[in-house]
A.B. asks: 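What follows is a structure written as structure tokens; I'll ask about it next.
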Amino acid sequence: MSIRLYDTSARQIRDFSPLVPGCVSIYLCGATVQAAPHIGHIRSGLNFDIMRRWFAYRGYDVTFVRNVTDIDDKILAKAAEQGRPWWSIGYANERAFNDGYTALGCLPPTVEPRATGHVTEMVEMMRGLIERGHAYAADGNVYFDVRSFPGYLQLSNQELDNLLQPSGEGETGKRDPRDFAMWKAAKEGEPSWETPWGRGRPGWHLECSAMAHKYLGESFDIHGGGLDLIFPHHENEIAQAKAFGDDFAAYWLHNAWVTISGEKMAKSLGNSVLVSEMLKQWRPIVLRYYLGTPHYRSMIEYSPEALREAEAAFARIEGFMQRVVELAGPVEPSAEVPLAFAEAMDDDFGVPQALAIVHTTVRQGNSALTADDKESAVARLAEVRAMLGVLGLDPLDEHWAGAGTGRGDDLHGVVDSLVRMVLEQREGARARKDYATADAIRDQLQQTGLAIEDTPSGPRWTLS
């Protein structure tokens, strides 16, 4: 079965056919680093990390480009507001984004270019567009002439005559108010670079067109980003790149938002939930499960209750895995995932349907444990590990098993030793047939938030 994708430009599911057999090239619009990331920002990185992992599982050689927009109106506004250098704000927040990606188990991109490192490529693209009659300089700005490109607005399915695209500050000299700025004339106190049309700085849309061209060439397979980028950002990227002569992206994939009370999570609305704060409250692997397991095209309505449900669901998976390891020792992932899981992932990355196969396999494994069928339990664990590995959610993987990857991991050993001391006292009471004391110890542990389970290999504890 071939992989099928929902292509925003076609507005339908399409079979995926790579431009180069056996290879996949992906450009993802990454962070604009005016502020630290909230969970809506990180969701996009997680969704495309899972897609990338699935392509790799299917045998593709993946080139994954995720850019950093480190010069932007919002960054300059923050710099003026805080009295800090613009580059200081950008770099600090870029590190915060990468810390978030790493904490939630995202694989590093093949390359992560910064906009400010690619002004030369932007100048070359603007020169080519001016020569072809698609762009013009005015008052130190460079604008794209939207009427010169017949395919403009096909991605967002809009009519040009109905388009309202207000000019930003200093964007003077436009021939048509709907033309957009590729280059902005220098203002006093702002960073600027020399060009044939005067000093200035890049516009947001030009950055991605130039970087995609540099790293992926005239054509590539997939361009991704959030739904909010379809217009104007992606629409303007397409206009620039295709007018320049590139074929650009063959498929367009867009992830949905994380919402609060039905509204898109955004700093401008004051409703954002910072990743750094969430990681103080929830284990990173649980946060990945919560953000990564809904379908990438489905909205996620944020609530603490939903996160608690995700934590409980993932705990059921972890509990099964731990019981099998205690019984049989380490179990390697199987070489292949179950067919039903693969079919779900091939169908536009159907993670919810794939996750249902994970939970079904866990239930089968638990039944095998109850029946004392060690061989079947081990086989189910191998399948579960293979499936979770594709989703980046295998708690036995070295990323999650390493020190410092979870909330309070540095204290886990201490807590484990203390709990085991108490459990030894409970076992002593049970050996003396002092069941009242044994039950009292168990009840006291449960009141502290620990669940105690008696197994053939002895008592075990988990967070309840």
Side-chain angles (χ1 to χ4, degrees), residues 27-49 64-119 122 168 184 187 189-193 201-208 210-212 215 224-229 233-234 237 255 257-258 260 264-282 284 287-288 291-292 302 404-405:
Y27 186 93
L28 174 64
C29 284
T32 299
V33 288
Q34 85 272 15
H38 56 63
I39 58 175
H41 292 133
I42 294 295
R43 182 194 181 184
S44 180
L46 276 174
N47 287 153
F48 283 88
D49 181 66
F64 181 53
V65 181
R66 185 184 68 210
N67 78 293
V68 175
T69 298
D70 62 340
I71 183 71
D72 175 83
D73 291 342
K74 295 177 182 178
I75 296 172
L76 297 178
K78 288 283 185 181
E81 176 186 315
Q82 299 177 17
R84 294 171 56 193
W86 64 273
W87 52 262
S88 172
I89 289 176
Y91 184 62
N93 291 318
E94 180 183 339
R95 292 185 64 182
F97 268 87
N98 282 328
D99 288 346
Y101 291 134
T102 300
L104 270 63
C106 292
L107 300 173
T110 309
V111 62
E112 191 168 29
R114 295 190 185 101
T116 53
H118 298 79
V119 172
M122 297 179 207
K184 301 187 178 186
K187 298 177 186 176
E190 290 187 355
S192 63
W193 289 260
R201 61 181 176 86
W204 177 31
H205 316 303
L206 179 64
E207 298 170 353
C208 285
M211 287 186 284
Y215 292 101
L227 282 173
D228 53 322
L229 299 183
H233 185 49
H234 289 167
E237 277 190 70
N255 64 276
W257 303 326
V258 178
I260 296 181
K264 173 180 175 284
M265 187 173 289
K267 284 188 169 22
S268 60
L269 298 177
N271 65 357
S272 58
V273 180
L274 293 181
V275 174
S276 58
E277 293 301 313
M278 296 296 288
L279 291 175
K280 295 175 183 177
Q281 304 172 50
W282 306 94
L287 192 54
R288 181 181 177 100
L291 292 172
Y302 167 76
T405 59

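This one's a predicted model, so the numbers in the text were calculated from it and none came from an experiment.
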A.B. asks: Is the NZ or CZ atom of Arg66 positioned over Phe97's six-membered ring, under 6.0 angstrom from the centre and within 45° of the axis?
C.D. replies: no

A.B. asks: Distance from Leu274 atom CG to Ile39 atom CD1, nearest 0.5 Å?
C.D. replies: 10.0 Å

A.B. asks: Under a 4.5 Å cut-off applied to non-hydrogen side-chain atoms, are Glu207 and Ile71 in contact?
C.D. replies: yes

A.B. asks: Going by heavy atoms in the side chains, are Tyr27 and Met211 under 4.5 Å from each other?
C.D. replies: yes

A.B. asks: Do the side chains of His234 and Cys29 get nearer than 4.5 Å, heavy atoms only?
C.D. replies: yes

A.B. asks: Specify the closest pair of heavy atoms between Val258 and Leu291, including all atoms of both residues, with the distance to one decimal.
C.D. replies: CG2-CD2, 4.1 Å

A.B. asks: Quick check: closest heavy atoms across Ala115 and Thr69, and the distance to 0.1 Å?
C.D. replies: CB-CA, 4.5 Å

A.B. asks: For Ile42 and Leu287, run side-chain contact (heavy atoms from CB on, under 4.5 Å): C-alpha distance rounded to whole Å, both residues' side-chain angles, the deciding distance at 0.1 Å, then the answer.
C.D. replies: CA-CA 10 Å; Ile42 294 295; Leu287 192 54; over 6 Å; no

A.B. asks: Should Glu94 and Arg114 count as an ion pair when the cut-off is N to O under 4.0 Å?
C.D. replies: yes

A.B. asks: What distance separates Ser88 OG from Ile75 CD1, expressed to the nearest 0.5 Å?
C.D. replies: 11.5 Å

A.B. asks: Could you state the interatomic distance from OH (Tyr101) to OG (Ser44), rounded to the nearest 0.5 Å?
C.D. replies: 6.5 Å

A.B. asks: Taking all atoms of both residues into account, what is the closest heavy-atom pair of Leu229 and Gly225, and its distance?
C.D. replies: CD1-CA, 4.2 Å

A.B. asks: Show the nearest heavy-atom pair for residues Pro191 and Leu76, with the distance to one decimal.
C.D. replies: CD-CD2, 3.6 Å

A.B. asks: First locate atom OH of Tyr215, then atom OG1 of Thr110, and finally report the distance between them rounded to the nearest 0.5 Å.
C.D. replies: 12.0 Å

A.B. asks: Taking atom CD of Glu277 and atom CH2 of Trp282, what is their separation to the nearest 0.5 Å?
C.D. replies: 14.0 Å

A.B. asks: Return the set of residues passing side-chain contact (heavy atoms from CB on, under 4.5 Å) with Arg95 (not counting sequence neighbours), or none when no residue passes.
C.D. replies: Tyr91

A.B. asks: I'd like to know if the side chain of Asn67 and the backbone of Gly30 have a donor-acceptor N/O pair within less than 3.5 Å.
C.D. replies: yes

A.B. asks: Are any non-hydrogen side-chain atoms of Lys78 and Lys74 less than 4.5 angstrom apart?
C.D. replies: no

A.B. asks: Tell me, do Asp73 and Arg201 make a side-chain contact under 4.5 Å, heavy atoms counted?
C.D. replies: yes

A.B. asks: Would you say the side chain of Arg288 lies within less than 4.5 Å of the side chain of Asp49, judging by non-hydrogen atoms?
C.D. replies: yes

A.B. asks: Is any side-chain heavy atom of Trp87 closer than 4.5 Å to one of Asp70?
C.D. replies: no

A.B. asks: Give the minimum heavy-atom separation between Gly100 and Val275, together with the two atoms involved.
C.D. replies: CA-CG1, 4.2 Å

A.B. asks: What's the separation between atom CG in Leu28 and atom CG in Asn255, rounded to the nearest 0.5 Å?
C.D. replies: 8.0 Å

A.B. asks: Is it the case that Tyr302 and His38 place a side-chain donor and acceptor less than 3.5 Å from each other?
C.D. replies: no

A.B. asks: Mind listing the closest non-hydrogen atom pair of Pro85 and Ala79 along with its distance?
C.D. replies: C-CB, 4.3 Å

A.B. asks: With heavy-atom distances below 4.5 Å as the criterion, would you say the side chains of Glu112 and Val68 are in contact?
C.D. replies: yes

